[in-house]
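Each chain gets a letter, A, B and so on, in the order its sequence line appears, and its residues count up from 1. As the structure is a prediction and not an experimental result, all values here were calculated from the model.
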2 protein chains.
Amino acid sequence: MLEYIILGFLMREEMSGYDLKQWMINCTSYFFDASFGSIYPALKRLEKKGYIKSSEVVESSKFKKIYSITHMGKSHFLTWLEKPIIFSKTKQEHLVYFYFYQYLPKERAILNLKTFIIEVESLLNQLSKEKSDVEESYNVNQYTFLYSTMVYGVNYYQFIINWCNDLLKQIEGEKV
Amino acid sequence: MLEYIILGFLMREEMSGYDLKQWMINCTSYFFDASFGSIYPALKRLEKKGYIKSSEVVESSKFKKIYSITHMGKSHFLTWLEKPIIFSKTKQEHLVYFYFYQYLPKERAILNLKTFIIEVESLLNQLSKEKSDVEESYNVNQYTFLYSTMVYGVNYYQFIINWCNDLLKQIEGEKV
DNA sequence: CAGTCCATGTAAGAAGTTACATGATTCT
DNA sequence: AGAATCATGTAACTTCTTACATGGACTG
């Protein structure tokens, strides 16, 4: 995942490992963050694979290693981005995809959003059913915390679906 | 985290590694899950530390290794559970804590919930401010996806706070 | 009698973190 | 002059997953 985040940031402009960390802190830290100990080795790997290239510069009397994305890197990134979003139940990884959907053709973004909604709806229906079963079988007041986490789950899935639908309306409403 | 989940499940009743996996699938998979490859080694570690003990039984002609929690394991688990909940921005780990809050004294549960709410409120305020800055500085229609992920973030934090407040009301309203 | 489920376990590898090491520059 | 920030990097470690290996019991 980290390697794709890096490529995604480099789609915008070339920058150093340190700059990447700053962007993460400022822009994505509420759903994704990484340490220097993983950023620098990731940059080395990406360069070795030919997805990025570096140039050592001295900017305002500070040594910097500026990385830029290659044609191969761009196509590698877009191939990944256009694949269906895998919903992780335990992490907020889906936001990583949406954050970079600016680089996807509108039609593809709409298609993937719809596929994603269907996947989350399926999970919502499963959990909703389990929640109903619990409501029927037990006195939920005796299991406040267990039941509340189920309520959390159901409402969380619904929240994601609503947000996706809002986003869908917005993109579909935009002038081509 | 996995070791505490296992201890939490064993607080209810003794069970095998296989049973633990079934409980995760049925009950916690929407916020936590683990593979056999991590469950079995975790059980070995926990037994080595003296937090659980095992007995090999043949139940309905099937070999099983049943684990039960020790006094030391219980106190180790409760010591962890009563500590302040660390909010992970990228994972749903806070639900793990709440799921087992049935084992915490009511007053402690209320205190930790309130502390947690304050932490999430602080994150909400930060992100809200950043969102306002973006709204002032840019035409958000040109950055639909970047802006939408921010809206997601703000609403997600608000969702958690609302859920916590509902839970708080419920526990406080319950007869002692 | 083949397939699925029950049941336990290991080995290799993925993907990160924390802590450390280094050194220049800028701020107070 | 000392602290904070800028900037890159490595080593050891943590914590998981995937894939494999094994074998008995049940099911159609």
Side-chain angles (χ1 to χ4, degrees), chain A residues 1-10 14-26 28-29 31-49 51-67 80 86-93 96, chain B residues 1-7 9-10 14-26 28-29 31-49 52-68 80 86 88-93 96:
Chain A
M1 182 60 73
L2 174 61
E3 293 189 10
Y4 292 110
I5 306 256
I6 290 173
L7 291 178
F9 277 120
L10 295 181
E14 52 175 34
M15 55 178 102
S16 67
Y18 193 86
D19 296 333
L20 279 162
K21 176 69 183 167
Q22 297 309 310
W23 273 86
M24 286 181 200
I25 292 169
N26 293 325
T28 66
S29 62
F31 60 89
F32 189 90
D33 206 1
S35 62
F36 284 121
S38 56
I39 291 171
Y40 287 119
L43 285 167
K44 288 214 161 176
R45 286 196 304 273
L46 286 168
E47 189 169 26
K48 208 173 172 183
K49 291 178 199 162
Y51 296 143
I52 61 177
K53 57 178 195 288
S54 65
S55 58
E56 298 184 11
V57 296
V58 177
E59 210 179 86
S60 55
S61 68
K62 265 171 228 150
F63 168 79
K64 273 196 174 198
K65 217 168 158 182
I66 303 289
Y67 290 93
W80 167 77
I86 297 149
F87 179 66
S88 160
K89 294 173 181 178
T90 54
K91 292 182 215 156
Q92 305 273 4
E93 285 187 346
V96 174
Chain B
M1 181 61 71
L2 175 60
E3 292 188 12
Y4 292 109
I5 305 257
I6 290 173
L7 291 178
F9 276 121
L10 295 181
E14 52 175 34
M15 55 178 103
S16 67
Y18 193 87
D19 296 333
L20 279 162
K21 176 69 183 164
Q22 298 309 308
W23 273 85
M24 285 181 200
I25 292 170
N26 293 325
T28 66
S29 63
F31 61 89
F32 189 91
D33 205 2
S35 62
F36 284 120
S38 55
I39 292 171
Y40 287 119
L43 286 168
K44 288 214 162 177
R45 287 196 305 273
L46 285 167
E47 189 168 26
K48 208 171 171 183
K49 290 179 200 161
I52 61 175
K53 58 178 195 287
S54 65
S55 58
E56 297 185 11
V57 296
V58 178
E59 209 179 88
S60 54
S61 68
K62 265 172 231 152
F63 168 79
K64 274 196 174 198
K65 218 167 156 181
I66 303 288
Y67 290 92
S68 60
W80 167 78
I86 297 149
S88 159
K89 294 173 181 178
T90 55
K91 292 183 216 156
Q92 305 274 4
E93 285 186 347
V96 173

Protein proximity profile, nucleotides 12-21 of chain C - base contact B, sugar-phosphate-only contact S, no contact -, cut-off 4.0 Å on heavy atoms: ----SBB---
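- With sequence neighbours left out, B/K53 forms a side-chain hydrogen bond (donor to acceptor under 3.5 Å, both in side chains) with no residue at all.
- Across the helix from C/dC1-D/dG28 to C/dT28-D/dA1, the helix axis at one end is tilted relative to the axis at the other end by 30° (nearest 10 degrees, each axis from five pairs).
- By the side-chain hydrogen bond (donor to acceptor under 3.5 Å, both in side chains) test, A/T28 pairs with no residue at all, sequence neighbours left out.
- Taking every side-chain heavy atom of A/K44 into account, D/dT10 is the closest of C/dG9, D/dT10, D/dA7.
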Sequence neighbours excluded and cut-off under 3.5 Å, please list the side-chain donor-acceptor pairs for residues 18-25 of chain A, or say none.
{"from": "A/D19", "atom 1": "OD1", "to": "A/K64", "atom 2": "NZ", "distance (Å)": "3.2"}
{"from": "A/D19", "atom 1": "OD2", "to": "A/S16", "atom 2": "N", "distance (Å)": "3.1"}
{"from": "A/D19", "atom 1": "OD2", "to": "A/S16", "atom 2": "OG", "distance (Å)": "3.0"}
{"from": "A/D19", "atom 1": "OD2", "to": "A/K64", "atom 2": "NZ", "distance (Å)": "3.3"}
{"from": "A/K21", "atom 1": "NZ", "to": "A/D33", "atom 2": "OD1", "distance (Å)": "3.4"}
{"from": "A/K21", "atom 1": "NZ", "to": "A/A34", "atom 2": "O", "distance (Å)": "2.6"}

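- Annotation: salt bridge (Lys or Arg N to Asp or Glu O under 4.0 Å) contacts of B/K91 (sequence neighbours excluded): B/E93.
- Judged as a ring pair (Phe, Tyr, Trp, His ring centres under 6.0 Å), and not counting sequence neighbours, A/F32 has no contacts.
- Taking A/F63 as the reference, nothing meets the ring pair (Phe, Tyr, Trp, His ring centres under 6.0 Å) condition, with sequence neighbours excluded.
- Partners of B/T90 under the side-chain hydrogen bond (donor to acceptor under 3.5 Å, both in side chains) rule, at least two apart in sequence or in another chain, do not exist in this structure.
- With sequence neighbours excluded, no residue forms a side chain to side chain contact (heavy atoms under 4.5 Å, CB included) with B/K44.
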Extract from the structure each pairing of a protein N or O with an N or O of nucleotides 2-6 of chain C at less than 3.5 Å, listing the distance.
{"from": "C/dC6", "atom 1": "OP2", "to": "B/Y18", "atom 2": "OH", "distance (Å)": "2.8"}

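- Qualifying side-chain hydrogen bond (donor to acceptor under 3.5 Å, both in side chains) partners for B/S29, counting only residues two or more places apart in sequence or in other chains: none.
- Contact annotation: A/K21 side-chain N/O to D/dC6 OP1/OP2 distance is not under 4.0 Å.
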